[in-house]
Amino acid sequence: MEGGSPDQESVGSGTKRSSVSSGSKSRNHKEFLYRLVDCETFTANLEDWFQSLYEKSAQMKPVFDVPFELIDLQKFDYALEGVSFQQLIRMPNAVYASTSDSAEATAYLAVEDFLHATVKGLWEAFWSQDEPMPFSVACLYKENLKFYQAENAIASGRLGSLCASGVFLKNPRHPHGKWDNLLELALLRPGIQSLVGESEQQPSLHVLGEALFYALRMLISRSLSRQNLPLSSNSAFVLLVDSQYGGVVKVEGDVNKMDFDVNNVYKCAAEWIQRHARIAVSPVDRIWNKLGNANWGDIGALQVTFATFYCIMQFAGLPKHSIEDLAADHGCRLQTRRLERQLGDTRVNGSGLFRFQQHGVSPEIVEVQDESVKLESESLKLEVGSVLWLEDSNWERGYHINQIRSNGELPYYIASPVEDPGKSLFLYVGSHPSQLEPAWEDMNLWYLVQRQTKVLTIMKQKGLSGKYLPQLSASGRIIHPGQCRRPSSGGNCDHPWCGTPILVTSPVGETVADMVSEGHFGVDEAIRCCHDCLSALSTASSEGIRHGDIRPENVICVRSGESRPYFVLIGWGHAILEDRDRPAMNLHFSSTYALQEGKLCSASDAESLVYMLYFACGGAFPDLDSVEGELQWRETSWSRRLIQQKLGDVSTVLKAFADYVDSLCGTPYPMDYDIWLRRIKRSISEEDHGKEIAASV
C-alpha cells in the first residue's frame, strides 16, 4: 500500500510496559490493526449474521435500536435555539446536478464544510467562544487509509479514491490527522435516500458493513493510543450521507474482549461485532434542502449534530454549558417572543399554544373568545374541591382534589377517591399527547406522568413492591365534560382534555425538601431515610432497575397508620430500565458518573443519596452554574472529607456509609445493599432501645 499502514504512525510505540507480556500484547494488537484493511472481506464475514438478524426480527420492526431517543433530541433542539451554524459550500442536489466529477468533488467539499460548521458551532456554544477550536476536517483515501484535505486530493486527481470525511483532534506533528485522533467519520454513499420513510428498513449489509469496519478501526486505534481521553472511548459514531439525506450508526463495546489473532483478522473482527458490540442505527432523514443548505433544525441534521456533540465530549471532556443549561433558556426566549407579539401576561397552555389576547383599537370591535381556547386554559386550573374523573381499564374512577403541591418544577395533587374520602393519594396530570412541539415543562411532565407510569407498571409486573416503594393505584385518561367523539379506531376527539394522561400513586407524605425548610429533619430522620431509601434501591436493583433522580423532592416521609414514620422513594420517571436510558441531570444531586458520562454506575444512586443526606443535614452547596464547577467542588470536598465529616456529625454509620460510597464510585463493583441495611438497621434499633430506657427512667 502507498506509504505503508497509517496505523504505524497513528498509535505510536506506546508507553513502556511493566512486563514483556504487556508489550507483546500491544505489538500484537498493532499488527492486528495493520492487517485490518479490507472492508469487503470484513463485510463478507458478517453476511450470515446479518441475514439471521433479519430473519429473527419481527416484521415491520427495526433490527437495531436507535442511538438517540426523541425526547433527548427535543432537549438538544431547545439547547441549539441560540446557536448559529453556517455551511458555506452548498451540497449539489442529485436531482438538478450533473453526474460529472465536479458534482462529486463539490459533494465532498460540502460534507467537509458541513462537518466544520457543525463542530465550530457546537464548540463555541457548549465549550468556549474564546479558545480556538481544536478540531479539523479531512477526507479518507481508501487506497492507504490515510487522510488528506479534500481540495488537495481532488487537485492531485485522487477524487475516485476518496471514501469518507472525518473530524480530528488537531495534532501539530500529524497535520493530516491520525486514526486515534479521529472523532467521527462521514461516509458519502449514494442510495441512502431510498431508506427514507421506511422505518423498518435498515441500511444494506454493504453500507452497514463499511460503517462497522471503520467504527471498529477507530475503537482499536483509540485503545492503542498514548493519549488519555477525558471520557469513555468505547463508542464510535459513523455518519451515512448522500447529497440530501443522512443517518447515524453507533458502535459501542470493549475491544479488549476481542481475540486478536493476527492470522485470522477478519474472522476475529466479525466475531467481536456479533458477540460484544452494541449497534444502533438511526432513521434516515433529510439533511440538505434543494438549494444545498443544511436544515439545521430538522431531525436529520439534528441527530447527526447530536452524534458530533457526543464525539466532541469524548475528546474535549464535559462542556462548560450543559444541554440542560442552554435548553433552560427556551422559556426566557419564549417569554421574550410573547412580549414582542404583545400577547399579554397569559401562560402557555397544555398544547403549547397561546391564548391570543386581542387588543381592539375601536370599542365597536367585539372580541370573540374561541371556545376551544377557553377550555384549554381551563385545563390548567385544577383547584381544591374540584373532582377529576379517570378512565382506567374501562372503569371510571373519581378523585376529589384536596391539596395542590409542587415538586419544585411542576404541580401535582393530593386527592381522595370519591368512593373512599378518607384515603389520600398522589395524583399527577400529564400534558396532552397530541402536542407536536412540547414546551420544556411538558417534557418534564412526560417523565413525571407517562414515563413514571411505565416504570411503575413494569415494577408491578415484576412483583417489585414494598413499604419503601410507591404503589401504582390507577392510571389512564381523563374523562372530559360533554360527549366524547373519539373515533372507533382509537386516538382522541377534538376536545382539548381528551386523552390527557393521569397517574395515581400511594402512599402520601411530606417531602424531605419541605421537612428541611421547616426544620423537621433531624438525626433520627437522617438515619431512617438512609435505611429506607437503600431498601427501596435494593428491591429495584434486584430486577436491574435504578432510580436516576434522587433528590429531596423525590423522597417523602409517611406518618399515617404507622407507629413510626418511614420514608418512600418516589419520582421514578427517570428510572434506568435498559442501557440506552439516561438519568436526570441535577448539578447538586446527580452522581459524578452521571454528570461525566450521562449514565449510572452501580453506586450512582447511593452517591446521590449521600448528597441528599448531606444537604438535609445542613450541608451547603456552592452557587454553581456549570458541570465543571460542580465536579471540581466534589473532588475537593471528597478529598478533604468535608462530606464525610458533615454526616459524621449526625451519625458514625452515615459517615462510614459515605466512605464506602466514595470508594465505590466509578468502579464496576456492585453495591452491597444487604450489609449496609443491616448496619443502619442495627443503629436504628440501638437508638430506639436507648429512648425506651430513657422513657422508663
Side-chain angles (χ1 to χ4, degrees), residues 466-469 509-539 541 547 550-559 562-570 588-592 602-621 633-634 636-665 671-697:
K467 180 178 179 181
Y468 311 115
L469 288 171
E510 182 183 18
T511 66
V512 168
D514 290 338
M515 295 176 70
V516 171
S517 64
E518 296 172 6
H520 296 162
F521 197 90
V523 175
D524 293 347
E525 287 76 15
I527 299 174
R528 288 186 184 276
C529 180
C530 184
H531 172 274
D532 298 351
C533 288
L534 280 181
S535 181
L537 294 174
S538 175
T539 302
S541 66
H547 189 277
I550 296 179
R551 51 192 173 96
E553 293 81 8
N554 281 340
V555 180
I556 59 171
C557 180
V558 181
R559 303 181 186 276
E562 289 285 332
S563 58
R564 294 190 180 278
Y566 63 96
F567 291 84
V568 176
L569 185 57
I570 64 172
H588 293 324
F589 303 109
S590 290
S591 69
T592 300
S602 60
S604 288
D605 279 335
E607 183 184 355
S608 294
L609 177 59
V610 168
Y611 295 138
M612 190 196 74
L613 292 172
Y614 170 79
F615 163 78
C617 293
F621 288 113
W633 176 82
R634 291 184 182 186
T636 301
S637 299
W638 282 112
S639 62
R640 295 180 180 178
R641 298 181 56 77
L642 300 179
I643 295 174
Q644 296 96 315
Q645 291 173 11
K646 187 64 180 179
L647 294 179
D649 294 339
V650 177
S651 168
T652 55
V653 72
L654 293 184
K655 180 180 181 182
F657 176 67
D659 276 326
Y660 171 74
V661 171
D662 183 32
S663 68
L664 207 61
C665 287
M671 272 285 301
D672 191 340
Y673 288 104
D674 292 339
I675 188 172
W676 284 102
L677 286 172
R678 287 197 299 270
R679 288 189 64 178
I680 298 173
K681 188 173 183 179
R682 187 162 58 244
S683 177
I684 294 175
S685 300
E686 290 173 357
E687 292 186 8
D688 289 346
H689 181 64
K691 290 180 180 179
E692 291 174 2
I693 294 176
S696 62
V697 172

[Y] backbone acceptor or donor facing [X] side chain under 3.5 Å:
X: Q645; Y: L642; value: no
X: S683; Y: R679; value: no
X: Y566; Y: C529; value: no

Quick check: closest heavy atoms across [X] and [Y], and the distance to 0.1 Å?
X: L537; Y: A606; answer: CD1-N, 4.4 Å
X: I550; Y: M612; answer: CG2-SD, 4.2 Å
X: Y614; Y: A620; answer: OH-O, 3.2 Å
X: A658; Y: L647; answer: CB-CD1, 3.9 Å
X: T511; Y: P552; answer: CB-O, 3.8 Å
X: A526; Y: L613; answer: O-CD2, 3.8 Å

Carboxylate-amine/guanidinium proximity below 4.0 Å for D659 and R641: yes

Parallel, tilted or perpendicular: ring planes of F621 versus F589, cut at 30 and 60 degrees: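 Aromatic pair F621/F589 classed perpendicular.
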
Which residues share a salt bridge (charged side-chain N to carboxylate O under 4.0 Å, His left out) with D662, sequence neighbours left out: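 None.
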
Quick check for you: to the nearest 0.5 Å, what is the distance between [X] atom [atom1] and [Y] atom [atom2]?
X: L469; Y: D532; atom1: CG; atom2: CG; result: 10.5 Å
X: L654; Y: W676; atom1: CG; atom2: CH2; result: 9.5 Å
X: K681; Y: R528; atom1: NZ; atom2: CZ; result: 11.0 Å
X: M671; Y: L534; atom1: CE; atom2: CG; result: 5.5 Å
X: E518; Y: E510; atom1: CD; atom2: CD; result: 5.0 Å
X: I527; Y: F657; atom1: CD1; atom2: CZ; result: 13.0 Å

Residues forming a side-chain hydrogen bond (donor to acceptor under 3.5 Å, both in side chains) with D672, sequence neighbours excluded: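 So D672 forms no side-chain hydrogen bond (donor to acceptor under 3.5 Å, both in side chains) with any residue.
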
From CA spacing to verdict: side chain to side chain contact (heavy atoms under 4.5 Å, CB included), C557, M515: CA-CA 9 Å; C557 180; M515 295 176 70; 3.5 Å; yes

Does the side chain of [Y] come within less than 4.5 Å of [X]'s, by heavy atoms?
X: Y611; Y: R634; value: yes
X: C533; Y: V555; value: yes
X: C665; Y: T592; value: no

Residues which pass ring-ring contact (aromatic ring centres under 6.0 Å, His included) with F567, listed by chain and number, not counting sequence neighbours: none

